[in-house]
Amino acid sequence: MSINYKELKDAELVSKIKQGDGEAMEEIVKRYSDKVYNLAFHLTRDKAGAEEIMQDVFLTVLSKINTLRDDAYFSTWLYRVTANAAYGFLRALSKGKKGMDQGYPNDIEYESTYAYDWSTLPEDILLSDESKTMLINAIDELPESMRTVVIMKDIEGFKNEEIADAMGLSVPAVKSRLHRGRLVLRQRLSNYFKKYAQKDTIPTGTTR
Amino acid sequence: MNCKKIIALLHDYMDENLPEDLKEEINSHLNECKKCKALFHTYSLTITLTKKVETYCNVTPEMMDRLKVLLHTRLGPNK
């Protein structure tokens, strides 16, 4: 009797892959290649690199799937493998440069750009190519711990719980990194957009 | 409620994860503090703009072929 692989759950496919079933592996690749590729691309901003990472990830699936204890956790495991492969790729690129988490202030300075409400700027300014490029650079420059969480949540649309599982973090830790990451990005955007501010639109006064 | 607390609670406030009384406190602070109102608006817009950065790309058929070849080599003659 032939098996319809399309109708099997991930956990059933995983258990078959563990027994060396190539068709089960093909179905998993069909289900997850786009997600793995996009996550790798957004973490690295490198198309060729993302393909290389995707290949590594599925090779890792073949070689390490036996270490996955609970087959139902396949997708979170897969995203963790993908994020780790992406970090490996980025580390190899930045050899000789300072570590990605170094050189970043612990206390984010909110005050200087706190007051200006640039959300009322016209769309052609907010969505200009220049501002988009600036934001992409700002995301790339986030410390690794914040960048992954921001990308997974705000770009890829994962839930906090999924990110926590994939990154081996608690949900509060995910939320705190996300919040800090968003604050850093907000500040970078504020610095960028402040050239459009008129002096009288910036409220003065100290933080309470 | 003070401004520093607002910063700390912003995330939960936006996720609607806060008890009513705390939410009310934040609402009334936002109504009277222009700086925090600006923070709230720009924080929300930062999330929106970040979402728009997304450039979804599909795995091309050529990439899929290369991947399959690689996996078949690894799986060996029995597939």
Side-chain angles (χ1 to χ4, degrees), chain A residues 20-23 25-26 29-30 33-34 36-38 41-42 47 50-51 54-55 58-59 61-63 110 113-121 126-127 131-132 135-136 139 150-151 153-157 160 175-176 178-179 181-183 185-190 193 202-203 205-208, chain B residues 1-15 17-18 25-26 28-30 32-79:
Chain A
D21 186 330
E23 283 185 67
M25 184 63 196
E26 263 186 38
V29 168
K30 266 188 216 154
S33 52
D34 274 341
V36 167
Y37 179 70
N38 274 281
F41 174 69
H42 287 130
K47 284 197 173 172
E51 180 178 359
M54 176 180 71
Q55 293 176 343
F58 286 112
L59 286 174
V61 170
L62 284 182
S63 61
Y110 311 117
T113 55
Y114 189 51
Y116 170 46
D117 188 353
W118 43 267
S119 70
T120 54
L121 286 172
L126 291 173
L127 301 174
S131 76
K132 201 171 169 182
L135 180 56
I136 289 174
I139 295 170
V150 168
I151 287 172
K153 173 82 178 188
D154 287 342
I155 298 183
E156 301 281 334
N160 288 344
K175 284 164 77 172
S176 136
L178 180 64
H179 186 45
R182 285 169 171 176
L183 285 170
L185 295 181
R186 190 202 73 89
Q187 194 189 8
R188 291 286 299 272
L189 287 167
S190 297
F193 287 128
I202 303 181
T206 50
T207 302
R208 272 171 260 181
Chain B
M1 187 64 61
N2 60 38
C3 300
K4 291 233 161 78
K5 244 182 163 176
I6 294 279
I7 297 175
L9 291 173
L10 203 53
H11 183 283
D12 283 324
Y13 176 77
M14 296 198 47
D15 275 0
N17 260 341
L18 289 176
E25 268 189 65
I26 295 180
S28 67
H29 181 91
L30 287 180
E32 61 193 39
C33 177
K34 273 191 171 176
K35 287 177 81 177
C36 282
K37 193 145 201 166
L39 172 74
F40 172 69
H41 285 150
T42 51
Y43 185 91
S44 311
L45 191 55
T46 298
I47 298 169
T48 310
L49 293 179
T50 306
K51 280 196 173 93
K52 286 188 194 288
V53 158
E54 180 192 26
T55 37
Y56 192 80
C57 21
N58 289 313
V59 174
T60 63
E62 293 76 24
M63 283 161 62
M64 197 54 130
D65 287 345
R66 288 195 286 270
L67 177 61
K68 278 183 184 164
V69 168
L70 195 67
L71 293 174
H72 277 276
T73 326
R74 194 60 63 96
L75 274 164
N78 300 326
K79 265 185 118 185

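Treat the numbers as computed from the prediction; the structure is a model and nothing was measured. Just so we're on the same page: letters track the sequence lines, and every chain starts at 1.
Contact check for B:Leu49 versus A:Leu185: no side-chain heavy atoms found under the 4.5 Å cut-off.
Most heavy-atom pairs under 4.5 Å with chain A, from the set B:Asp15, B:Leu10, B:Leu70: that is B:Leu70. Among the candidates A:Gln55, A:Met25, A:Glu156, the residue making the largest number of heavy-atom pairs closer than 4.5 Å to chain B is A:Gln55. If you tally non-hydrogen atom pairs under 4.5 Å between each of A:Leu62, A:Val150, A:Thr120 and chain B, the highest count goes to A:Leu62.
Legend: residues meeting side chain to side chain donor-acceptor pair (under 3.5 Å) with A:Asn38, ordered by chain and number and at least two apart, are absent. Scanning for ring-ring contact (aromatic ring centres under 6.0 Å, His included) contacts around A:Phe41 gives an empty result, with sequence neighbours left out.
Only the side chain of B:Met64 comes within less than 4.5 Å of a heavy atom of chain A; its backbone N, CA, C and O stay farther away. In this structure, the portion of A:Ile139 lying under 4.5 Å from any heavy atom of chain B is its side chain and not its backbone. For A:Leu59, the parts lying under 4.5 angstrom from a heavy atom of chain B are both the backbone and the side chain. With a 4.5 angstrom heavy-atom cutoff, A:His179 touches chain B via backbone and side-chain atoms both. Interface remark: A:Leu126 contributes backbone and side-chain atoms alike to the contact with chain B (heavy atom separation under 4.5 Å).
Side chains of A:Arg182 and B:Thr46: no donor on one and acceptor on the other come within 3.5 Å.
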Before giving the answer on salt bridge (charged side-chain N to carboxylate O under 4.0 Å, His left out), spell out for A:Glu51 and B:Arg66 the whole-Å C-alpha distance, their side-chain angles and the decisive distance to 0.1 Å.
CA-CA 10 Å; A:Glu51 180 178 359; B:Arg66 288 195 286 270; 2.7 Å; yes
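Using a 4.0 Å cut-off between charged side-chain N and carboxylate O, A:Lys175 and B:Asp12 make a salt bridge.
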